[in-house]
Every structure is written in structure tokens, then in C-alpha cells.
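These notes are about the structure you will find just below.
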Amino acid sequence: MDSFIIAALALCSLTAPACGDKGTSKARSCSDIRQFYNGKGFPLDGVPQFEISGEHLRMCPQGYTCCTSDMEENLAMLSRREMEGILKDAGRSLQNTLNGQFKVFDGYFLELQNRSAVRLQEMFPAIWGVVYSHTSEVFSDLYMDLKLYYRGSNVNLEEVLNEFWAKLLEKLFYLSNKQYVIGEDYLECVSKQMDTLRPFGDIPHVVKTLVMRTFVAARYFVQGLVVSGDVVRKVSQVQLSQECTRAMMKMTYCPHCRGMASARPCANYCSNVMKGCLANQADLNTEWRHLAETLIQVADRFYGPSGVDGVLLSLPLRISEAMQTMGDNIMSINNKLYQACGTLREEGAHSTGGGESMKRERVTVEDKLETFSSKIEKLVSDVSMRLREMQSYWVSFPSLLCSDRVATGTGAEDKCWNGISRARYLPEVMGDGLASQINNPEVEIDITKPDMTIRQQIMQLKIMTHRLKNAYNGQDVDFQDTSDDTSGSGSGTCMEEMCSRSPKIVNPPTERPVYYPNLPVNKEVKALANQNLPCIAIYLLPLLILLLRR
């Protein structure tokens, strides 16, 4: 019997190499992973010199390994930090693109406003003389209100334009009747006759139509660029889930733990990991595309005969023409105003009537309009091109992240890292978005619990798209401050620079017990990696017993 036991033990020891998943009689050195691990900034305390059994692993396959539990956890956190860093860097790059387009358009639009104001200041003294000196404040107030509206202030643009023409009528009536005593109540009555008398002809209506369409579109166009950048900023700061961290670790650093440092992920394997990790972000795609398309449509309104150049630079000439229209009919207008508002009393000191001061050589818009450059057309073309390029940003992101890390070349599909070993990756690639990840074999996701920060940003995109569609149709919308982090931003209050407030981070749900479901594919590979082969001596014992009995 003793000889039987000794023989069995000897046979088992001879066949011991077959008991592991290596097939070699000598444990491999961990020098490579030690060097790699230390190069990542981790101490070598506790790092094995040679491979050890991997039953302790919770993310990597449980075969022979060079990684301890602490190493696995440290590398998992490293993979998470690296992934979040990549997301933030990509977000900053997209933000910079949007911010650059905002600055270019914003700078040009402000330049046009300033050029228009300067043109009026240079032209009117020569044309209108003393009349301009008495009305200059009305013009400066108009340009100030236009700029405030464009900047996002709570200004009713239609009221601004109506008030401008009413004040101008009061000033011109007063100057043409300087021989009379005119009180504030009388001037208020005069301004109320605007719609009935139409002292400036059709020009106020034309100017209102053009200015409203231009400024409403410009205001919400720049707001759309700002909101887009703010959405990117907030989304790029969303923390990755624990499930994503495990998947990233398994794909990125588990090959090092298995002694396969040169193994690169299979393309479809990487796609599933990234699609799972970025499932919530991909749900931005629909509203992101809608916003980009609407921004492009609005931008197309900025050039052409009634584009921003023509509207802003012709504004002084249109105002001058309106004043000339009133000057040509000043006697008739005055008489109608006397009838509507009452007879005026002359002052004690005789003053010459001001009717003559309203008569000037007619200067038409066409006489003075200069040939506009194609600058605005090129600007709009550049903005539209950038917006088209980023339309599919959120759904193309996984492919972009995988492009420089997956195995390539001849035979790569059969020798790539599939999460278990070097072998072909068999599961199909998941679709985009949270709902498509229900059967993702790499990232366990509860599709009933979407990320609330991202859902809030989807709503912000919807709101901004709605505003832009109204702007495209020339309809203004009430200015509302939605800058609170619970509802996102988009009010236009952050135009000077991209918003920098920190978003509220939604804490991930309570962590569930770690569970790795058996996949319906790659079973032959998984069995090799996760199960210890029974000692071959067990199968040889019956044969040995028979030999000893002989």
C-alpha cells in the first residue's frame, strides 16, 4: 500500500505542469510587469517575482498571473483616471472649436455694430447739422440697446425699435416747432400718432423687419454655440461607472497581468467596451444633431442682400432717409399733429420756425452703400463646416477611442486580446445608446437608470434648438435665465467666455456585488483561463492500481 501511495505521488508530481493553465514546468518571471507597474508610479512592495495562482482576481481572468488584488485595484483606478482624462481632453478640444467659432462670429458682429455707429456719427453732422446735435442721444441709445439685446440682456427688441422711432419723432417735431411752448404731455401725444401719421413712411417697418430678423438670429446663434460648449464641458466631466472601470481594466491592463503585454484588444471587443462605457453620452446624438443642423440653417441667414453686413451698415442711411421723408412733409405732418394734440402757444421771444432745418438734400441708401466683402460668407461657411464635422461626435467617439489601441494587421482578429486570452472575439458589436446595451457582454449596465446629468444636457439641447427654430423664423422668445446647474445653461449670460461653473456630479448607485455572468461565446477560451485543470494523475490511478496488483 505504501508503494502505491509513493508511486501515485511521484506520478502526480511528474504530471504537475498539466495541472495549471501554462503547460510549463517553471513559473514565468514577473520582471516585465514589475517594470511596467513601477513605471506607472506604483511601489514594488508585494509585487510577485514569479507568477502566482489567480483565484483572488476579480476583474482579470483567474489563471496564473503576476498581479495581486492590490495591483489589480490600482491598475483599475489608473485605467479609470486615464479614460476620464481622455474624455476631458476630447471635450476641451471640442469646446475650443465651438468657442473659436463663437469668438470669430461674435467679434465680427460687434465690429459691424461699431462700424454702423461710427458711420452714423461721421455722416449725420455733415447732413443734418444742428438737428443731429439735438438727436444724437436717441441714436446712441438705439445702438446701446441693440448691443445689450445681442449680448443676451432681458431687452424687448421690438419695443426698443418702436421707442426709437417715437423718440425721434418727438425730437424732430420739437425742433421744427421751436417757436412754440411744448410740454412733455404734448410730446407724448405726438409720439402716439406714429402709427396713424406714418411720418417716416414705410422705413420703420422695413428697418424693424430687417433688424429683428438679424439680431434675433445672431443672439440665439451665439447662444447656441455657447450652450453647445457648455453641454460638452458638463458631459465630459461625468464620472465613469464602476462597471465601466472593470471593463476598462480588463481590456487595458489584464493582458499585462497575464504576461501578454504586447497583446492589443480585438476591434469589436474594444467597441463593445467603449459603447458600454459611453452609452449615456451616445444618447445625446439625436438632439446634438438637431442643434447643429438648426445652427447651420440660422447661419445661412447671415449673408446675402439682407444679411448682417447689409442690415447693420445700411442702418444709418435708412434712418437718414426716414428723417428726410419727414422733412419733405413737415408742414402737413405738423398740421395733423396740431389737430390731434391741440394748438400750441408761441413763446414770448420770437423764434424762427424749425421747418427749414428739416430740409436736406435727399441721400438714398443705394447712393452710399459700399460693396460688401465676402468675409461674412466665408465666416458662415467655416462655421457650417465645423458644425457638420461634429454632428456625429457622440456616436463616433467609441470608434475614435478604439482607433489607436486595437490590434491591426494580417491575422490580428485571431491573435488579439479578447478579454480572456489571445483569440478571436466572437460576440456581436452592440448598437449606440443606453437601450442598446441590454446584452452588452463587456459592461453590465442597468438601462433603466440613465445618467441624470446627461439627461439634463439633452433637455438643454432641446430647449436651445427650439429657440433657434423660432429665431430662424424671425420670432423672438422670452429671455429666461436657466443657468442653474439643475437645468443647465443657455441663457446667453456666459457669452464673454465659456461657462466655468462646476456641474453637480450625480453619485453612482450603490455598488452591486461583483458578478461576472458566463458568456454564451468564447466558452472554450474562457474555460482555459478560469478553471484549473484536474491533475492528470487522477485519470491514471486506475491504471496504476491494476499494474500494482499484478
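None of these values were measured; they are calculated from a predicted model.
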Set out, in order, the CA-CA distance, both residues' side-chain angles and the distance that settles side-chain contact (heavy atoms from CB on, under 4.5 Å) for S421 and M260, then state yes or no.
CA-CA 9 Å; S421 183; M260 304 177 186; 4.0 Å; yes
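- Around atom CE of M385, more than 12 heavy atoms belonging to other residues, nucleotides or ligands sit under 6.0 Å away.
- Atoms CD and OG1, on E73 and T245 in that order, are 9.0 Å from each other to the nearest 0.5 Å.
- With contacts defined as side-chain heavy-atom distances shorter than 4.5 Å, the pair S228/L291 qualifies.
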Go through it in stages, so that I can follow the logic: the residues are R213 and R301, the test is side-chain contact (heavy atoms from CB on, under 4.5 Å), and I'd like the CA-CA distance, side-chain angles, deciding distance and then a yes or no.
CA-CA 9 Å; R213 186 175 67 176; R301 286 284 179 89; 3.8 Å; yes
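- Under the 3.5 Å distance criterion, with hydrogens and angles disregarded, no donor-acceptor pair is assigned to the side chains of D414 and Y425.
- One N or O on the side chain of S403 and one on the backbone of L400 form a donor-acceptor pair closer than 3.5 Å.
- Across the pair C257 and C66, the gap between the SG atoms, which is the quantity tested here, reaches or exceeds 2.5 Å.
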Given D106 and R151, is the salt bridge (charged side-chain N to carboxylate O under 4.0 Å, His left out) satisfied, shown in steps?
CA-CA 10 Å; D106 181 64; R151 278 302 190 199; 2.9 Å; yes
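- M249 has its side chain out of reach of R246: every pair of non-hydrogen atoms, C-beta onward, lies at least 4.5 Å apart.
- Counting non-hydrogen atoms of neighbouring residues, nucleotides and ligands closer than 6.0 angstrom, the CD atom of Q35 reaches no more than 12 such neighbours.
- For T65 (side chain) and C67 (main-chain N/O), a donor-acceptor pair under 3.5 Å exists by modelled atom type.
- Note on ring orientation: taking the six-membered ring where Trp is involved, the planes of W394 and F397 are perpendicular (angle over 60°, cut-offs 30° and 60°).
- By the 6.0 Å contact criterion, CE on M459 is open, its count of non-hydrogen atoms from other residues, nucleotides or ligands being 12 or less.
- Heavy atoms of other residues, nucleotides or ligands lying less than 6.0 angstrom from CG of L110 number more than 12.
- Two residues are said to be in side-chain contact when any heavy atoms from C-beta on lie closer than 4.5 Å; C270 and V273 fail this criterion.
- Counting heavy atoms from C-beta outward, N285 and D432 have side chains that stay 4.5 Å or more apart.
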Begin from the C-alpha positions of D476 and E158 and carry the test side-chain contact (heavy atoms from CB on, under 4.5 Å) through to its verdict.
CA-CA 9 Å; D476 196 0; E158 186 172 8; over 6 Å; no
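- For F221 and F215, the ring centers sit 6.0 Å or farther from each other.
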Show your working on side-chain hydrogen bond (donor to acceptor under 3.5 Å, both in side chains) between N154 and Y149 and close with a plain yes or no.
CA-CA 7 Å; N154 195 9; Y149 174 82; over 6 Å; no
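- For the residue pair N114/Y143, the side-chain donor-acceptor check at 3.5 Å is not satisfied.
- No more than 12 heavy atoms of other residues, nucleotides or ligands sit less than 6.0 Å from atom CZ of R386.
- With hydrogens and angles disregarded, a donor-acceptor distance shorter than 3.5 Å links the side chain of S236 to the backbone of R233.
- Within 6.0 Å of CD on E82 lie more than 12 heavy atoms contributed by other residues, nucleotides or ligands.
- Once rounded to the nearest 0.5 Å, the distance linking NZ of K250 with CD1 of I420 reads 5.5 Å.
- The two residues E287 and I458 make their nearest non-hydrogen contact at CG-CG2, 3.8 Å.
- Between Y472 and Y220, a ring centre-to-centre spacing not shorter than 6.0 Å is recorded.
- Ion pair E111/K375 flagged as a salt bridge, since at least one NZ, NE, NH1 or NH2 atom sits closer than 4.0 Å to an Asp/Glu carboxylate oxygen.
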Please lay out, stage by stage, how S69 and H56 fare under the test side-chain contact (heavy atoms from CB on, under 4.5 Å).
CA-CA 6 Å; S69 295; H56 57 278; 3.4 Å; yes
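- At a threshold of 4.5 Å between non-hydrogen side-chain atoms, the residues V47 and T68 do not count as touching.
- F302 has its ring centre no less than 6.0 Å from the ring centre of F109.
- More than 12 heavy atoms of other residues, nucleotides or ligands lie within 6.0 Å of CD in Q297, so this atom counts as buried by the packing criterion.
- V235 has its side chain out of reach of T453: every pair of non-hydrogen atoms, C-beta onward, lies at least 4.5 Å apart.
- Judged purely by atom type and a 3.5 angstrom limit, Q437 uses its side chain to pair as donor or acceptor with the backbone of G431.
- Rounded to the nearest 0.5 angstrom, T252 OG1 and M83 CE are separated by 9.0 Å.
- Each of C402, S399, P398 was checked for a side chain to side chain contact (heavy atoms under 4.5 Å, CB included) with K275, and the lone residue meeting it is P398.
- The pair R92-D89 counts as a salt bridge, with a side-chain nitrogen and a carboxylate oxygen less than 4.0 angstrom apart.
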Would N280 and K449 satisfy side-chain hydrogen bond (donor to acceptor under 3.5 Å, both in side chains), going step by step from the backbone distance to the final call?
CA-CA 10 Å; N280 282 283; K449 296 181 179 179; over 6 Å; no
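- For the pair D451 and R455, the salt-bridge criterion is not met [side-chain N within less than 4.0 Å of a carboxylate O].
- Here the side chains of P61 and R258 are in contact, with some heavy-atom distance below 4.5 Å.
- Residue L78 comes nearest to F42 through the heavy atom pair CD2-CE1, 4.1 Å, listed as atom of the first residue, atom of the second, then distance.
- C60-C254 SG separation is under 2.5 Å; the pair is scored as a disulfide.
- Atom CD of Q237 is separated from atom CG of L87 by 11.0 Å, given to the nearest 0.5 angstrom.
- Cation-pi contact between R28 and Y64: absent, since separation from the ring centre below 6.0 Å together with deviation from the ring axis within 45° is not met.
- Here the straight-line distance linking atom CE of M77 with atom CD of E72 works out to 10.5 Å at 0.5 Å rounding.
- Side chains of Y108 and D309: a donor-acceptor N/O pair is present below 3.5 angstrom, by distance only.
- The backbone N or O of L112 sits nowhere less than 3.5 Å from a side-chain atom of S116 that would complete a donor-acceptor pair.
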Test side-chain hydrogen bond (donor to acceptor under 3.5 Å, both in side chains) on S262 and R422; report intermediate values, then the result.
CA-CA 10 Å; S262 62; R422 282 182 182 266; 2.8 Å; yes
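- Between E84 and K88 there is no salt bridge, since none of the side-chain N atoms of the basic residue sits less than 4.0 Å from a carboxylate O of the acidic one.
- One distance of note links CZ of R388 with CG of L295; it measures 11.5 Å at 0.5 Å rounding.
- Between D382 and V104 there is no side-chain heavy-atom pair separated by less than 4.5 Å.
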